[in-house]
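Just below is one structure, and these are the notes that go with it.
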Amino acid sequence: MVEDISTLYTYNFPLIPISRISVDSPELKDYLYKELPVVIEGSNLVGPALEKWDLGYLTENLGDRGLYNVMQTKGHQMFKYFDQNKVTQLKGKMEFVLEASTDEMKFQEFVKRIQLPQRGRDTYSYLQQPLNDTVGPNIFSDFRRFNWELVKRWSGDMKWGSLTNNMLLIGEPGNITPVHYDEQQNLFCQVGGEKRCLLFHPRHFDKLYPYPVYHPCDRQSKVNLRAPDLSLYPLVSQLEGMECVLSPGDVLYIPIYWWHQIESLEPDLTTSITFWFKAGSIDTISFPLSATHKVAMMRNIEKMLTEALKDPKEINELFCNIVEGRYFKEEK
Ligand SMILES: O=C(O)CCC(=O)C(=O)O
Ligand SMILES: [Fe+2]
């Protein structure tokens, strides 16, 4: 347990606590329905993993099977995601620096790397791999005993789309997944160690300066929340967020399009499992549009122009021509 919240990193913007409620609470539906984050206690959603999935058991059962995606960084522990397909598409058209790399390796190779003492090395690793059919009989049997009834009830009641995958995340203490949003609903289950999660409502889109949709770091913020460059990103100073610390057994609902930064706390390795669901179909749209709908709409406009123009330079120019000297935040 994090005994003393004051030992956590202090940010320059306010963070209010995310509510914690019991799995049996009648309020739970309201949070899910209104797409508001909440920590669900006592669900036992991934019970068998909580009981057994320590590093020894996972190595025994995964060690020599299949290949695992492992993100790596050098000299820092910020694991900013990038889309390899977009890197390939943009080759020759645009230069960018990627701060992390991804390697495929056997599980036991990953374990070897993280078992080297952190002091004395400057490379850090973060395993991020969708669970698939290479996992072997024991993990498969644990997986089948997850609380699928509960998952189906919640996702059915909320009319979410299909479950896309369950990602297994194993991180070193100190690792940070920098602030970004996903286009899916997420039931994020903490299995081992503790994670601090910062969340921001989708209306903070402009204050978090996401990369363009064509960029490999689409959906990620350009801002380092721990060292924001306020001359480039002045609106960061107006951010207001929410936070929680997850311990084993907690499930955080991360609503679709909500920004999140996830930090693996000292001193233990962290293990989490995600349940990602596609967005449900929309029966009725109410006006004015919600921040979530506006983000979806902005993405579609960007995608359309990206498909038509292809070249980042042309896309930038066209967007600037639409806006510059014409549209202002405040009416002029
Ligand atoms: O746990 C992490 O480090 C990142 C998880 C995340 O971003 C997600 O589940 O959407
Ligand atoms: Fe995420």
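All residue numbers refer to positions in the sequence shown, counting from 1. Just so you know, ligand 1 is whichever comes first in the structure, and atom 1 is the first atom listed for that ligand.
You'll find the side chain of Trp259 stays beyond 4.5 Å of the side chain of Leu198, heavy atoms only. Side-chain contact between Leu199 and Trp258: present, with at least one pair of heavy atoms (C-beta onward) separated by less than 4.5 Å.
Within a 6.0 Å radius of NZ in Lys222, more than 12 heavy atoms belonging to other residues, nucleotides or ligands are found. Atom CZ of Phe140 sits in a sparse spot, with 12 or fewer heavy atoms from other residues, nucleotides or ligands closer than 6.0 Å. By the 6.0 Å contact criterion, OH on Tyr33 is open, its count of non-hydrogen atoms from other residues, nucleotides or ligands being 12 or less.
In this structure Glu183 satisfies the side chain to side chain contact (heavy atoms under 4.5 Å, CB included) test together with Arg219, Tyr257, Arg299, Lys303, sequence neighbours excluded. Take Asn61 and apply the side-chain hydrogen bond (donor to acceptor under 3.5 Å, both in side chains) test, not counting sequence neighbours, and it matches Asn138.
Screening the protein for N, O or S atoms under 2.8 Å from the Fe ion (ligand 2) yields 3; no waters enter the count.
When each of Gln77, Gln72, Arg113 is tested with Ser125 by the rule side-chain hydrogen bond (donor to acceptor under 3.5 Å, both in side chains), just one qualifies, namely Gln72.
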Per-pair distances, ligand 1 N/O vs protein N/O, less than 3.5 Å:
from: ligand 1; atom 1: 1 (O); to: Tyr126; atom 2: OH; distance (Å): 3.2
from: ligand 1; atom 1: 1 (O); to: Lys195; atom 2: NZ; distance (Å): 2.8
from: ligand 1; atom 1: 3 (O); to: Tyr126; atom 2: OH; distance (Å): 2.5
from: ligand 1; atom 1: 3 (O); to: Thr177; atom 2: OG1; distance (Å): 2.5
from: ligand 1; atom 1: 7 (O); to: His180; atom 2: NE2; distance (Å): 3.0
from: ligand 1; atom 1: 7 (O); to: His260; atom 2: NE2; distance (Å): 3.2
from: ligand 1; atom 1: 9 (O); to: Asn186; atom 2: ND2; distance (Å): 2.9
from: ligand 1; atom 1: 10 (O); to: Asp182; atom 2: OD2; distance (Å): 2.8
from: ligand 1; atom 1: 10 (O); to: Asn186; atom 2: ND2; distance (Å): 3.2
from: ligand 1; atom 1: 10 (O); to: His260; atom 2: NE2; distance (Å): 3.1

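Between Tyr126 and Thr177 the shortest heavy-atom distance is CE1-OG1, 3.5 Å.
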